[in-house]
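Values below: all heavy atoms of this structure, side chains included; hydrogens, waters and symmetry mates excluded. Naming: A, B, ... by sequence-line order, numbering from 1 per chain.
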Amino acid sequence: MSDYQQYLQERDRIDYLYQKGYKITNIKEDLEGAQIEFQRAEEDKETLHILTAEGRKYFSVRVIQQN
Amino acid sequence: MADLSINLAGIKSPNPFWLASAPPTNSGYQVQRAFEAGWGGAVWKTLGEPIINTSSRFAAISFNGQRVAGFNNIELITDRPLEVNLKEIYETKKRFPNHAIIASLMVEPQQEKWHEIVKKVEDVGVDGLELNFGCPHGMAERGMGAASGQVPALVEKQTYWVKEMAQTPVIVKLTPNITDITATAEAAVQGGADAISMINTINSLAGVDIHSWNTIPHVAGKGAHGGYCGPAVKPIALHMVGECARNPRINIPISGIGGVSNWENAIEFMLMGATGVQVCTAAMHHGFRIVEDMIEGLNNYLDEKGIASVNDLVGKAVHKYSDWGDLDLNYKVVARINNDVCINCNKCHIACEDTSHQCIDMLKDGEGNPILRVREEDCVGCNLCSIVCPVDGAIDMVELPNEFPPMTWNERQAAIGALACAVDTVK
Ligand SMILES: Cc1cc2nc3c(=O)[nH]c(=O)nc-3n(C[C@H](O)[C@H](O)[C@H](O)COP(=O)(O)O)c2cc1C
């Protein structure tokens with residue numbers, strides 16, 4: 001899969017969680033990319049592992065919009 | 001005809017083109033011929049205790065047939081007595097009262113030595129002084145030139161001593177052989193400098209002869225590091241000028257030096273904050289008359305752009321020179337190949353396939369002819385294909401409409417940081 005295809009998948013996953021009412025609550029970046037923690041209600045938590053550079057840009061845009 | 005005259009910290013000259021302190025400004029004969037050819041100013045070959053030079057002093061780098069892409073020297077300051085130089089400066093100034101003559105000076109870092117030489121050169125009517133804190137070889141081993149120019153405290157102190165005595169504007173010429181040139185530029189400001197100039201030459205060894213195993217150049221089989229200049233150093237010099245120009249603590253004029261070879265280069269330096277430029281290698285390569293093209297080119301450029309005075313260029317691009325963290329990560333360009341211009345040499349494909357992002361495909365058009373095409377979604381806009389392409393206009397880097405609002409790295413980090421703070425607050 002090309003980086004671009006992978007990015008599109010990552011973007012879709014991020015968009016999906018936002019549509020379900022989740023928001024990003026924490027971001028951990030390390031050698032493997034970024035772990036994005038989403039939360040909706042107290043117990044409703046999801047984590048996405050974002051690998052692509054475009055994906056890292058995309059969730060950053062969403063964080064700025066959400067702030 | 002646009003107004004080309006400049007005033008650099010009180011030093012007036014009919015145009016922004018000065019000869020840098022170097023062999024072209026070694027004598028009155030040369031400087032007078034240079035003024036006749038059209039140069040607006042000259043920084044006299046550095047004055048100090050006359051030295052002894054080696055024979056065999058210069059070397060140059062040719063690159064793919066382009067001679068003097070870079071130039072290297074192990075020459076020292078003037079080898080002529082001060083009185084001889086002063087007499088010729090006096091005579092030259094008398095013949096050319098409207099041209100700028102700046103005396104470049106280098107003495108040991110002692111207050112009385114600076115006072116003595118400043119008084120002597122000002123007595124013959126120079127328009128300004130340039131302190132040579134940059135020469136990287138020979139003089140540096142004696143505690144002068146780059147040796148004192150690399151220590152901010154010494155730059156400040158010596159500038160201060162000169163300013164105690166000087167009646168004319170003082171330019172401090174900086175060495176590029178330092179990690180951060182703004183440190184010594186700030187020291188010059190602290191010492192009271194009226195202007196700074198940069199760059200002097202960069203430590204270098206031009207080459208090693210692979211047959212004799214001698215250094216290039218060599219003096220009886222031995223070499224020593226020299227100073228590098230010419231077109232190859234222009235990007236380094238331009239960066240240093242830009243760094244100083246955008247530093248709010250360095251609020252004095254800049255004289256730009258380093259690889260200036262034509263009027264376009266001069267404009268670049270002025271846009272990046274230089275009030276004028278100094279030239280050495282290009283004059284040594286092509287002679288004094290290159291200034292005719294420089295003046296004509298600059299004048300035509302200003303007329304075409306409707307700019308009345310060359311001073312209106314100074315610093316106009318400085319605000320565009322920023323830090324990486326302030327660049328928009330959402331700005332996107334991609335390569336587009338114009339197949340009617342492309343000669344199918346495949347250099348772009350090879351460069352992209354071997355060393356970049358593998359996004360240029362070799363395809364066949366409807367008639368079975370080979371064509372190259374960029375998969376734009378995989379192109380990161382690195383520019384490499386357009387850099388290696390030998391045909392002008394065959395590859396365009398085109399801006400894509402912004403998919404997202406502008407976002408810099410610094411903004412991104414602040415937003416992510418705020419997220420962590422928000423979580424802390426909730427906890
Ligand atoms: C052969 C040679 C001798 C030089 N001598 C001096 C000197 O005496 N004083 C000085 O300040 N700079 C000296 N320079 C440095 C030039 O003034 C200038 O800073 C440098 O060459 C960069 O400009 P360019 O790329 O136009 O040559 C010398 C340069 C060369 C090539």
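Proximity to chain B is limited to the side chain of Gln65(A), based on heavy atoms less than 4.5 angstrom apart. With a threshold of 4.5 angstrom between heavy atoms, Arg56(A) approaches chain B through its backbone and through its side chain. For chain B, no part of Glu54(A) is nearby; none of its heavy atoms comes within less than 4.5 Å. For a residue to count as touching a neighbouring chain, one of its non-hydrogen atoms must lie under 4.5 Å from one of that chain's; by this rule Gln39(A) does not touch chain B. Only the side chain of Glu403(B) comes within less than 4.5 Å of a heavy atom in chain A; its backbone stays farther off.
For Ile64(A) against Ala415(B), the heavy-atom pair with the smallest separation is CG1-CB, 3.5 Å. The heavy-atom pair separating Lys57(A) from Asn330(B) by the smallest distance is CD-OD1, 3.5 Å. Minimum heavy-atom separation, Leu419(B) to Gln66(A): CD1-NE2, 3.5 Å.
Annotation for Lys316(B): atom NZ counts as buried by contact number, over 12 foreign heavy atoms lying within 6.0 Å. For CZ of Arg11(A), the number of neighbouring non-hydrogen atoms (other residues, nucleotides, ligands) closer than 6.0 Å is greater than 12. Summarising the local packing, NZ of Lys332(B) is surrounded by more than 12 heavy atoms from other residues, nucleotides or ligands at distances under 6.0 Å. Annotation for Asn251(B): atom CG counts as buried by contact number, over 12 foreign heavy atoms lying within 6.0 Å.
Under the 4.5 Å side-chain criterion, counting only non-hydrogen atoms from C-beta, Glu377(B) is not in contact with Leu8(A). When side chains are defined from C-beta on, Arg62(A) does not count as touching Phe404(B), because their heavy atoms never get closer than 4.5 Å.
In this structure, CD1 in Ile416(B) is found 8.5 Å from CD1 in Ile24(A), a value given to the nearest 0.5 Å. To the nearest 0.5 angstrom, Tyr58(A) atom OH is 12.0 Å from Met407(B) atom CE.
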